[in-house]
Amino acid sequence: MSQGFDPVLSINSGQVFLWEKHGNSWYGIYGDHVIRLDEVDGRPEFSSFPELKSCEQKMFRLDDDINKIREDVSRDPFVRKLVKAYPGLRLIRQEPHQCMFSFVCASNTNIPMIRRMLYNLTRKFGAPVKVDGKEFFTFPSAADINRATIDELRACGLGYRAKAVKAVAESIASGRLDFQALKNASYEEAKQELLQIYGIGNKIADCVLLFSLEKLDAFPIDVWIARALASHYKWLHKKQFSDKITAHQYETLSGSTREYFGRYAGYAQQYIYYHMRQNAGKKW
DNA sequence: GTACAGGCAGTAT
DNA sequence: ATACTGCCTGTA
């Protein structure tokens, strides 16, 4: 079931932000829960506070038929190589609201900054949870965040993103955005819903769809993926493009990549993304 | 000081 | 339709 599964590699692959190492354990925030990850006899062992039944199954999508998915995305020779190179990499399933706030904060910045913003949000608006004598903070609910003023959000280091965070909080808290309905909806329908919200564009919508709304065919295109497409998959696109892509280029590229990589395009994206970052020698 | 970092909305062509 | 621009903040 969990063959070749490397949770530490996966949590450090740029999909999730609120994980930190203390001693030999990793601790992560998963909505209202703190997850602890230890290595015991070379095998991962998970604990959750308060307890969340089979949290690793949920988080790391161990319910997916990974062999079938790997085979499916291996239709592409480049991805086939990456599937072999990174056998431990998994997509992470996130809490929709945490995912959405995380990626709204991720626009036009880098991972250390995203982590800082999210830590500040949890400390100001989340609830404290003590684990192993250390204090962690849960991820605040949309209602918690919606109670804050834009200036209070700004004070978390969000900058101009504060307005977008507030808009997301409002649409969730008011019930206008219904995650369950979005899970049931098609990729296109769900994406259109997300795009209505101020601050949510193509890339962030696709991240939320892939990482939290079960749309495994979503294919987020950030600058790294755009670079990969521009160098390895030129033929997918008629016209030249670089890593800075316009909204229209995003649309057409997204359409052709989703078609080409298939129903698990999001997994293919994750292998490519991880590979590009590895090659660039990025420190997470 | 300047450039840049995992986008987006607003405005002008 | 497509191009250009400003935007918070921190680091190199």
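The shown structure was predicted, so the numbers you read here are calculated from the model rather than taken from an experiment. Below, chain A is the first sequence line, B the second, and so on; all start at residue 1.
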Undergrad: Would the A:Phe17 and A:Phe103 ring centres measure less than 6.0 Å apart?
TA: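 Between A:Phe103 and A:Phe17, which both carry aromatic rings, the centre distance is below 6.0 Å.
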
Undergrad: Taking atom CD of A:Glu20 as the centre, report whether more than 12 heavy atoms of other residues, nucleotides or ligands fall under 6.0 Å from it.
TA: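 Yes.
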
Undergrad: Does the pair A:Asp38/A:Arg36 count as a salt bridge with the N-to-O cut at 4.0 Å?
TA: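 Here A:Asp38 pairs with A:Arg36 in a salt bridge, since their nearest N and O are under 4.0 Å apart.
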
Undergrad: Applying the salt bridge (charged side-chain N to carboxylate O under 4.0 Å, His left out) test to A:Glu214, which of A:Arg93, A:Lys58, A:Lys183 qualifies?
TA: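 When salt bridge (charged side-chain N to carboxylate O under 4.0 Å, His left out) is applied between A:Glu214 and each of A:Arg93, A:Lys58, A:Lys183, only A:Arg93 qualifies.
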
Undergrad: Using a strict threshold of under 4.0 Å (side-chain N to carboxylate O), is an ion pair present between A:Glu152 and A:Arg147?
TA: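 No, A:Arg147 and A:Glu152 are not salt-bridged.
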
Undergrad: So A:Phe46 and A:Phe5, would you call those rings parallel, tilted or perpendicular, with 30° and 60° as cut-offs?
TA: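 Parallel: the ring planes of A:Phe46 and A:Phe5 meet at under 30°.
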
Undergrad: If the plane angle is over 60° it's perpendicular, under 30° parallel, otherwise tilted; pick one for A:Tyr30 and A:His33.
TA: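 Tilted.
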
Undergrad: Please state whether the rings of A:Tyr267 and A:Tyr271 are parallel, tilted or perpendicular, taking 30° and 60° as the class boundaries.
TA: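 Rings of A:Tyr267 and A:Tyr271: tilted, as their planes differ by 30° to 60°.
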
Undergrad: Does C:dT2 have OP1 or OP2 under 4.0 Å away from a side-chain N or O of A:His248?
TA: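 Yes, such a contact exists.
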
Undergrad: Between protein and nucleotides 4-12 of chain C, map the contacts as a letter string: B base, S sugar-phosphate only, - none, heavy atoms under 4.0 Å, written 5' to 3'.
TA: ---BBSSS-

Undergrad: Quickly work out the A:Glu251 CD to C:dA1 P distance and round it to whole Å.
TA: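 In whole Å, C:dA1 P and A:Glu251 CD are 11 Å from each other.
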
Undergrad: Rounded to the nearest Å, what distance is computed from the CG atom of residue A:Leu194 to the C1' atom of nucleotide B:dC8?
TA: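 Going from A:Leu194 (CG) to B:dC8 (C1'), I get 15 Å.
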
Undergrad: When both hydrogen-bonding distances must be under 3.5 Å and the geometry is Watson-Crick or G-U wobble, what is B:dT11 paired with, if anything?
TA: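 C:dA3 - that is the nucleotide pairing with B:dT11, both distances being under 3.5 Å.
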
Undergrad: Please list residues of residues 196-204 of chain A whose heavy atoms come under 4.0 Å from any atom in DNA chain B, ordered by number; otherwise none.
TA: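 Hits under 4.0 Å, by residue number: A:Ile197, A:Tyr198, A:Gly199, A:Ile200, A:Gly201, A:Asn202, A:Lys203, A:Ile204.
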
Undergrad: B:dT11 and C:dC8: how far apart are their P atoms, nearest whole angstrom?
TA: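 B:dT11 and C:dC8 have their P atoms separated by 15 Å.
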
Undergrad: Rounded to the Å, how far apart are A:Tyr250 OH and B:dG7 P?
TA: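 In whole Å, B:dG7 P lies 11 Å from A:Tyr250 OH.
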
Undergrad: Tell me the interatomic distance from A:Leu195, atom CG, to B:dC8, atom P, rounded to whole angstroms.
TA: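 Rounding to the nearest Å, CG of A:Leu195 and P of B:dC8 are 9 Å apart.
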
